[in-house]
Amino acid sequence: MDLERYLAARRRLVERALAAAFPAGRPALRRAIRYSLLAGGKRLRPILTVAAAEVAGGTARAVLPFACALELIHTYSLVHDDLPAMDDDDLRRGRPTSHKVYGEGMAILVGDALLTEAFGLMAGARGVAPERAVHAIAEVAAAAGEQGMVGGQALDLAGEGRQGTLAQVRAIHRRKTGALFTAAVRVGGLVGGAKAPLLRRLTTYGEQLGLAFQIVDDVLDALEAGDGRTDAALEKVTYPGVLGMDGARAHAARARDAALAALVPLGQPAEPLRAVATWVVAQADVLALAASA
């Protein structure tokens with residue numbers, strides 16, 4: 001399939017929905033929210049949610065509030081991660097971070113608002129059976145909270161400056177990154193009406209894709225080091241730091257293969273999910289080849 005075309009079309013769908021959820025307004029908080037939320041990006045998590053819903057027989061329209069909610073949560077996490085108390089980043093997606101433009105207090109409030117409004121979007125979704133909606137909302141809460149993304153971030157902070165092990169880096173990123181990827185496809189499946197066997201396959205796919213994505217992100221960070229704000233400079237526990245570059249890339253390839261294996265019985269409807277998994281790992285391969293040329 002033409003993945004670039006598919007991603008572009010789905011990205012436009014998500015962008016329109018996000019802009020509609022937060023129309024332009026005069027209050028400073030609304031301007032600050034739109035500054036971070038509408039700053040571009042891959043929109044990979046909501047796209048995966050839509051793709052998984054369609055595999056389950058659902059529609060993009062029905063699942064879109066849940067897909068957008070995951071993007072709100074992802075954006076809130078980036079705004080907070082960039083704060084001086086966390087990663088202290090000056091740039092995000094090629095422009096000044098939220099706290100550099102609006103101040104640290106407002107950036108904290110932006111994150112608070114995005115997290116809260118994410119649950120409002122899901123609760124207000126129409127055309128979804130109440131039991132499916134409640135199940136999906138619970139999935140998102142678990143993925144975003146102490147046992148998911150926030151818990152992973154806490155482990156990440158605690159691990160700074162220490163010699164990491166493979167078990168530690170897995171524990172960090174299974175929560176910090178992997179939880180939202182798994183939730184994205186599970187929520188899509190749940191809202192789309194997936195039965196237990198399909199949901200298990202989507203879960204395996206999400207877990208393995210999240211692992212591959214984080215390893216590739218660590219590899220790209222190491223290969224693109226240049227501004228001093230790399231994970232290595234911040235003394236974070238990373239896959240290349242534990243496994244070496246070649247070992248990390250091999251780990252990513254194995255995760256990709258496991259993600260693809262989970263989709264084997266699902267046929268043509270799962271092709272977007274297959275293409276995404278292949279594309280994620282290919283990014284690291286291409287950059288690594290360029291760096292060694």
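Sparse packing is recorded around CG of Asp246, with 12 or fewer heavy atoms of other residues, nucleotides or ligands lying under 6.0 Å away. Within 6.0 Å of atom CZ in Arg93, more than 12 heavy atoms from other residues, nucleotides or ligands are found, so the atom counts as buried in its surroundings. Atom CD of Glu4 sits in a sparse spot, with 12 or fewer heavy atoms from other residues, nucleotides or ligands closer than 6.0 Å.
When all heavy atoms of Leu121 and Ala69 are compared, the pair lying nearest together is CD1-N, 4.2 Å. Across all non-hydrogen atoms, the minimal contact from Ala252 to Val281 is O-CG2, 3.7 Å. Residues Val63 and Gly188 share a closest heavy-atom pair of CG2-CA, 4.0 Å. Between Thr177 and Gly210, the shortest heavy-atom distance links the atoms CG2-O, 4.1 Å. Between Asp218 and Pro240, the shortest heavy-atom contact is CB-CD, 3.3 Å. Across all non-hydrogen atoms, the minimal contact from Gly206 to Thr182 is C-OG1, 3.5 Å.
At distances below 3.5 Å, not a single donor-acceptor pair connects side-chain atoms of Thr204 with backbone N or O atoms of Arg201. A donor-acceptor distance shorter than 3.5 angstrom exists from the side chain of Thr49 to the backbone of Ala184, with no hydrogens or angles considered.
Summarising the geometry, atom SG belonging to Cys68 is positioned 11.5 Å from atom CD1 belonging to Ile73; distances are rounded to the nearest 0.5 Å. Considering OG of Ser98 and CG of Leu37, their distance stands at 11.5 Å, rounded to 0.5 Å. Rounded to the nearest 0.5 angstrom, Ile47 CD1 and Leu273 CG are separated by 11.5 Å. From Arg95, atom CZ reaches atom NZ of Lys100 across 16.0 Å, with rounding to the nearest 0.5 Å. Distance check: Leu115 CG to Thr75 OG1 gives 11.5 Å after rounding to the nearest 0.5 Å. In this structure, CD1 on Ile172 lies 9.5 Å from CD on Gln214, to the nearest 0.5 angstrom.
Residues Phe119 and Val79 fall within the same hydrophobic cluster, defined by Ile, Leu, Val, Met, Phe, Trp and Tyr side chains chained together at heavy-atom separations under 4.5 Å. Hydrophobic clustering (side-chain heavy atoms under 4.5 Å, transitive across Ile, Leu, Val, Met, Phe, Trp, Tyr) groups Phe213 together with Leu220. Both Val280 and Leu202 belong to a common hydrophobic cluster when Ile, Leu, Val, Met, Phe, Trp and Tyr are linked at side-chain heavy-atom distances under 4.5 angstrom. Tracing side-chain contacts under 4.5 Å through hydrophobic residues (I, L, V, M, F, W, Y), one never reaches Leu91 starting from Met106; they form parts of separate clusters. Under the 4.5 Å side-chain heavy-atom criterion for Ile, Leu, Val, Met, Phe, Trp and Tyr, Val264 and Leu198 are members of distinct hydrophobic clusters.
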Decide side chain to side chain contact (heavy atoms under 4.5 Å, CB included) for Glu139 and Phe66; before the verdict, give the C-alpha distance in whole Å, the side-chain angles of both, and the deciding distance to 0.1 Å.
CA-CA 11 Å; Glu139 290 274 343; Phe66 298 87; over 6 Å; no
Test side chain to side chain contact (heavy atoms under 4.5 Å, CB included) on Val185 and Thr203 and set out the steps.
CA-CA 7 Å; Val185 292; Thr203 300; over 6 Å; no
Would Leu211 and Arg174 count as a side chain to side chain contact (heavy atoms under 4.5 Å, CB included) if you check the C-alpha gap in whole Å, the side-chain angles of each, and the deciding distance to 0.1 Å?
CA-CA 7 Å; Leu211 172 60; Arg174 184 174 62 249; over 6 Å; no
Apply side chain to side chain donor-acceptor pair (under 3.5 Å) to the pair His135 and Arg132, showing each step before the final yes or no.
CA-CA 5 Å; His135 195 169; Arg132 292 183 186 177; over 6 Å; no
Please walk me through it: do Leu157 and Met86 pass side chain to side chain contact (heavy atoms under 4.5 Å, CB included)?
CA-CA 8 Å; Leu157 284 174; Met86 301 286 277; 3.8 Å; yes
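Annotation: side chain of His251 is in contact with side chain of Leu166 (closest heavy-atom distance under 4.5 Å). Contact of the Arg126 side chain with the Pro65 side chain is not registered, since no non-hydrogen atoms from C-beta on lie closer than 4.5 Å. Residues Ile108 and His80 have side chains in contact (heavy-atom distance under 4.5 Å, counting atoms from C-beta outward). The side-chain heavy atoms of Lys176 and Leu155, taken from C-beta on, include no pair separated by under 4.5 Å. Proximity of Arg10 to Arg43: side-chain heavy atoms (C-beta onward) are nowhere separated by under 4.5 Å. When side chains are defined from C-beta on, Arg31 counts as touching Tyr102, because their heavy atoms get closer than 4.5 Å. Between Leu223 and Met245 the shortest side-chain heavy-atom distance falls below 4.5 Å. Counting only heavy atoms from C-beta outward, the side chains of Tyr239 and Val219 never approach each other to under 4.5 Å.
Classification of Glu15 and Arg12 as a salt-bridged pair fails, no side-chain N sitting under 4.0 Å from a carboxylate O. The pair Asp87-Lys236 meets the salt-bridge criterion, with a side-chain N (NZ, NE, NH1 or NH2) lying under 4.0 Å from an Asp/Glu carboxylate O.
No side-chain donor from either of Thr97 and Arg92 sits under 3.5 Å from a side-chain acceptor of the other.
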